[in-house]
Amino acid sequence: MSAAQPLPCHHEPAPPFGPAPRRATRQVRIGNVAVGGDAPVVVQSMTNTDTADIASTVKQVAELWRAGSELVRVTVNNPESAAAVPRIVEKLAMMGIEVPIIGDFHYNGHQLLANEPACAEALAKYRINPGNVGFGKKRDTQFAQLIEFAIQYGKPVRIGANWGSLDQALATRLMDENHLRADPWDASRVLREALIRSALDSAARAVELGLPAERIVLSCKVSGVQELIAVYRDLAQRSDFALHLGLTEAGIGSKGIVASSAALSVLLQEGIGDTIRISLTPEPGAPRTQEVVVAQELLQTMGLRAFTPMVTACPGCGRTTSEFFQELAKVVQEHVRAKMPEWKISHPGAENLTLAVMGCVVNGPGESRHADIGISLPGTGEAPAAPVFIDGEKSVTLRGENIAREFVALIDGYVERRYGRDAGA
Ligand code: SF4
């Protein structure tokens with residue numbers, strides 16, 4: 001074995017650590033939530049109920065909000081859904097849920113807002129897709145109508161361009177211009193440029209019409225990871241509008257989670273992005289709230305925000321053939337997630353708690369010492385004892401049938417001592 005290298009001399013700069021400073025953006029108020037500027041990166045989600053079905057939509061918005069969604073978008077696609085919006089907002093308010101509701105408009109938003117002033121008033125933001133706001137000569141007038149409603153009702157908008165509904169007239173024009181270039185770009189670069197121009201030109205038009213830039217959020221969503229990163233890096237350099245990040249049509253299950261996390265984490269690390277949505281296709285029977293959990297976990301594991309205590313758990317291997325530690329990791333994560341809404345009010349700061357559930361003595365004590373509170377379960381052939389480490393020190397050893405219950409009680413006690421009203425008294 002070669003001798004250990006000495007530490008670098010103290011004159012050498014430290015290697016970079018952590019995300020780049022957030023890009024400076026204009027802050028937008030969406031109801032009671034700030035997006036951009038110095039506000040933390042905001043988690044948002046979208047319902048998949050028929051908005052006209054008031055009871056189902058209220059129920060799902062409430063679930064998304066309880067899971068931690070700070071903004072919720074609903075589609076507003078027909079007169080029935082536009083008429084339902086004010087009643088949805090009213091029912092949520094009666095339940096004590098003040099989450100801003102965003103209306104997602106395509107094709108007919110100008111008519112729906114004109115015919116349902118109560119909807120225009122109840123929504124906290126309008127999402128406008130410049131690729132399908134209107135076609136031909138109607139495009140500019142219908143876009144202007146939507147912006148005028150935003151001005152009239154004092155609402156912000158998101159100008160959300162999307163790869164799947166790109167403004168075809170603009171794309172064709174840029175393709176034609178590209179053919180005349182001495183050194184033409186490849187087609188994918190032209191399409192990325194068309195997407196960015198669609199958003200930026202629409203935003204410039206909205207400002208010209210009188211909507212303050214502080215009421216505009218931009219997005220340019222694509223479904224490929226590298227394309228998304230390239231588009232947002234470019235967009236971030238070319239404007240100071242607040243940016244909504246999301247990989248569109250990310251997909252189902254682990255593919256959707258991995259693709260979204262891969263794309264968004266690169267951008268967030270570069271300081272790009274003011275609000276995020278994870279566009280997961282739910283697995284059959286899976287809750288819609290999964291997209292909120294993934295968004296929160298992405299931000300928390302990157303150290304950008306804290307929402308709920310995080311459990312570090314080893315993957316398990318042949319040294320621990322029992323499934324007990326997997327079950328304990330699940331019980332602990334579910335317990336702290338379920339307690340968090342209450343702790344958020346009664347024990348502020350508990351979201352920063354770190355926990356470890358480890359399968360054997362190899363990494364168990366070490367990882368448990370790094371956590372605020374950790375447990376090292378006995379691996380195969382080890383004595384049936386589970387030492388618990390609190391603040392880096394061995395505290396107690398649990399044995400027998402009730403390890404899960406006793407460990408959860410230790411966590412609750414720790415939260416009470418460290419974050420409760422009498423903490424530090
Ligand atoms: S801590 Fe033990 S059980 Fe867990 S992965 Fe490492 S060696 Fe395997």
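All ligand and atom numbering here is 1-based and tracks the order in the structure. Below, each value reflects all heavy atoms present in this structure, side chains not excepted, and no hydrogens, waters or symmetry copies.
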From Cys314, does some N, O or S atom reach closer than 2.8 Å to atom 8 (Fe) of ligand 1? no
Please report the closest heavy-atom contact between Arg399 and Pro384, naming both atoms and the distance. CG-O, 3.6 Å
Students should be able to answer this: which protein heavy-atom is nearest to atom 8 (Fe) of ligand 1, and at what distance? Cys317 SG, 2.3 Å
Salt-bridged, Asp201 to Arg205, with N to O below 4.0 Å? no
Which atom of Leu247 lies closest to which atom of Ser260, heavy atoms considered: CD2-N, 3.8 Å
Can you pull out the closest protein heavy atom to atom 2 (Fe) of ligand 1? Residue, atom name and distance to 0.1 Å, please. Cys360 SG, 2.3 Å
I'd like to know whether ligand 1 has Gly316 as a neighbour, heavy-atom separation below 4.0 Å. yes
Which residue holds the protein heavy atom closest to atom 3 (S) of ligand 1, what is that atom called, and what is the gap in Å? Thr320 CG2, 3.1 Å
Minimal non-hydrogen separation, Asp186 against Ser188, with atom names: OD1-OG, 2.9 Å
Output the list of atoms in ligand 1 that are nearer than 4.0 Å to some heavy atom of Val362, sorted by atom number. 7 (S)
Atom 6 (Fe) of ligand 1 - nearest protein heavy atom and its distance: Asn363 ND2, 3.8 Å
Can you spot which of Asn162, Asp167, Ile159 makes a side chain to side chain contact (heavy atoms under 4.5 Å, CB included) with Pro130? Ile159
Shortest heavy-atom approach to atom 7 (S) of ligand 1 - which of Glu367, Glu382, Arg319: Arg319
Within the 3.5 Å criterion, strictly below it, is a donor on Thr49 or Asp53 matched to an acceptor on the partner's side chain? no
